[in-house]
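Taking it in order: structure first as structure tokens, then the write-up.
Just so you know, ligand 1 is whichever comes first in the structure, and atom 1 is the first atom listed for that ligand.
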Amino acid sequence: MELEKKLVAQQRTFFNTGQTKSMEYRIRALQQLRQGIEKYQQRILDALHADLNKSEAEAYGSEIRIVLGELDFSLDHIEKWAAPRLVPTNSAIPDGVSTIYPEPYGVALIIAPWNYPFQLAFGPLIGAIAAGNCAIIKPSELTPAVSRLTYNLVHEIFPEEYIAVMEGEVETSTALLKEKFDYIFFTGSTGVGRIVMKAAAEHLTPVTLELGGKSPVIVNKDADLNLAAQRIVRGKFLNAGQTCVAPDYLLVHENVHDKLLELIRAEIGDKYGADVLQNNDFPHIVNARNFDRLSALLQDGKTLIGGRSERDHLLIEPTVLGEVDWKSPVMQEEIFGPILPVFKYGDLNPMLDEIVRRPKPLALYLFTEDEDLQNQVLNQVSFGGVCINDTLSHMTSHYLPFGGVGESGMGSYHGQQSFDVFSHHKSVLKRSK
Ligand code: NAD
């Protein structure tokens, strides 16, 4: 029997023993995971450095800390989330008592991408465990050090009939997707999201798709420009722009365009040094294929800031492009690199129409204190999530479900939503005789 078939069968048998449903079992598993991550912390940092050149501070802040925060929040609330919830009953059934029971789906498949390879494998795993499932993780082959570490960490603390890791390339993912899972949680590109959903349809397996897209950032003329520059630079150039919720392109009011760009230039210098190509802590592009794709996009406008690159080290410096055409390649696909196209506007309305005509973005960022404008954008544009006067930070809140809409994804997680997404909510109506 092929390995993936055997593993799924073993996990299903184990799930059917009912052990993973006990609250003590789930809490113990989350605690073991926490201890495992603490024990492996230096190895996690080293692997993220080897695969993506992430500095320890960036790797800890954007990967380990987020996972530990989710773990602790889950441990603090799991008993409440898992408790049956009494709800009202219609007056037509006067003796009825209605309850919603969360129950685990069974065996879950988690497919992870390479850009936050630790966070995006272990974050969903927390939800799967908390809800009482067994799970198989398929890490990305493009970050081999983190893939190996994920295998070692998981296999040291859990038996594989409960939680397992299957490393490998696309073929491994394809083979896994042929099996019948009870839930599939996929993080990656929109194109592969379609493949995953088609495969899931064969078994009518429910899916969460955490995908990407072109997330705009808008800076209005009344915005605090220092704050906007700091937060755009942090959001755009974290992980060299290889972040699903990174601002993809910038729309700025013509009155503040020049000042904002001046501040962005200064902020890049402050944060990454005068010569980013000499900064050993700036993450590199994941591979030569992506480097070449991004290098071609550098030609799609006039370079206003940055623009240099070094193929030997897969480095591209933070770059801002002006005079960009909406129809140029850089405006067709998610950029996923340290390149920020900028558009000036006098009237925001045609810009909003342009956003609405395009696939719904994963995130939108708006810098303004003008509440009418905030409300207009919130009402007019559909997107996964928004930060007003910031970038990225909405995804760090345990109280805000994180996910996309339309081509940027389907379903959401984080906080209680991570528990709910891996649970079937069973409706129970009890009547007396
Ligand atoms: P990807 O879709 O190429 O790969 C993701 C995973 O799918 C990997 O494990 C890979 O092995 C597997 N895979 C690749 N091709 C496959 C195929 N044909 N059949 C089955 N499985 C396949 O994505 P990526 O390049 O690793 O990640 C970048 C993308 O992920 C970007 O679009 C980014 O926006 C998105 N992303 C989204 C989020 C989110 O939370 N919404 C987070 C991170 C990344």
Side-chain angles (χ1 to χ4, degrees), residues 4 51-52 62-63 66-67 70 109-124 127 136-144 146-147 150-151 165-179 181 184-200 202 205 207-215 235-236 238-248 285-287 289-291 293-294 332-337 359-364 383-385 392 394-396 400-414 417-418 421:
E4 55 284 342
D51 284 337
L52 290 156
S62 66
E63 303 240 24
I66 290 186
V67 171
E70 278 283 317
L109 172 63
I110 296 169
I111 303 181
W114 54 262
N115 62 333
Y116 290 84
F118 178 76
Q119 188 211 135
L120 298 173
F122 285 89
I136 297 175
I137 300 176
K138 154 68 181 81
S140 172
E141 67 281 15
L142 298 190
T143 37
V146 178
S147 173
T150 304
Y151 181 93
V165 175
M166 269 200 77
E167 293 185 276
E169 313 238 340
V170 173
E171 298 72 47
T172 306
S173 208
T174 309
L176 280 165
L177 286 169
K178 290 208 175 95
E179 299 306 314
F181 284 91
I184 298 177
F185 191 104
F186 170 79
T187 308
S189 59
T190 301
V192 178
R194 288 197 173 90
I195 295 172
V196 169
M197 198 165 165
K198 272 191 199 147
E202 282 297 314
T205 300
V207 292
T208 295
L209 302 177
E210 294 282 342
L211 311 176
K214 290 185 87 63
S215 301
K236 177 69 193 184
L238 181 76
N239 199 22
Q242 302 168 110
T243 301
C244 58
V245 279
D248 187 273
I285 305 304
V286 67
N287 58 18
R289 191 174 61 81
N290 274 289
F291 178 92
R293 177 183 65 79
L294 289 163
Q332 303 316 305
E333 304 255 305
E334 177 184 16
I335 296 172
F336 223 55
K360 295 178 179 179
L362 182 57
L364 183 143
F383 39 73
L392 313 189
H394 64 303
M395 65 157 293
T396 62
L400 289 173
F402 173 73
V405 57
E407 288 187 31
S408 59
M410 181 181 295
S412 53
Y413 73 129
H414 289 184
Q417 189 60 23
S418 292
V421 82

Would you mind reporting whether [Y] and [X] have side-chain heavy atoms less than 4.5 Å apart?
X	Y	value
Thr208	Tyr413	no
Ile184	Leu177	yes
Tyr116	Thr187	no
Val170	Glu141	yes

In terms of residue, atom name and distance, what is the protein heavy atom nearest to [atom]?
atom	result
atom 13 (N) of ligand 1	Val192 CG1, 3.8 Å
atom 5 (C) of ligand 1	Thr187 O, 3.7 Å
atom 25 (O) of ligand 1	Trp114 NE1, 2.8 Å
atom 40 (O) of ligand 1	Phe402 CE2, 3.3 Å
atom 1 (P) of ligand 1	Ser189 OG, 3.6 Å
atom 20 (C) of ligand 1	Ser173 OG, 3.4 Å
atom 41 (N) of ligand 1	Leu211 O, 2.7 Å
atom 42 (C) of ligand 1	Cys244 SG, 3.1 Å

Between [options], flag the one that comes closest to [atom] by a heavy atom.
atom	options	value
atom 30 (O) of ligand 1	Ser147, Gly188, Pro113	Gly188
atom 14 (C) of ligand 1	Leu120, Val170, Leu209	Val170
atom 19 (N) of ligand 1	Leu176, Thr172, Ile195	Ile195
atom 31 (C) of ligand 1	Glu334, His414, Glu210	Glu334

Backbone N/O of [Y] and side chain of [X]: donor-acceptor pair under 3.5 Å:
X	Y	result
Lys360	Gly404	no
His394	Leu400	no
Lys214	Glu333	yes
Ser418	Gly127	no

By number and element, which atoms of ligand 1 are closer than 4.0 Å to a non-hydrogen atom of [X]?
X	answer
Phe336	28 (C), 31 (C), 33 (C), 34 (O)
Phe186	2 (O), 5 (C), 6 (C), 7 (O)
Ile111	6 (C), 7 (O), 9 (O)
Leu362	41 (N)
Gly212	34 (O)

Give the contacting part of Tyr116 toward ligand 1: side chain, backbone, both or neither, where contact means a heavy-atom distance below 4.0 Å.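 It is neither; nothing of Tyr116 touches ligand 1.
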If you count every heavy atom of other residues, nucleotides or ligands that lies below 6.0 Å from Glu167 atom CD, does the total exceed 12?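 More than 12 heavy atoms, drawn from other residues, nucleotides or ligands, come within 6.0 Å of this atom.
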Nearest-0.5 Å distance that lies between atom OG in Ser408 and atom CD in Glu210: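 Here the rounded value is 9.0 Å.
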Using a 3.5 Å cut-off on N or O atoms only, is [X] in polar contact with ligand 1?
X	answer
Asn115	no
Ala112	yes
Glu141	yes
Lys138	yes
Ser408	no

Can you name the nearest heavy-atom pair linking [X] to [Y], along with the distance?
X	Y	result
Val146	Thr150	O-OG1, 2.6 Å
Val405	Phe383	CG1-C, 3.4 Å
Glu334	Arg293	O-NH1, 3.8 Å
Gly241	Ala246	O-CB, 4.1 Å

Does ligand 1 have an atom under 4.0 Å from some heavy atom of Ser140?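 Under 4.0 Å: yes for Ser140.
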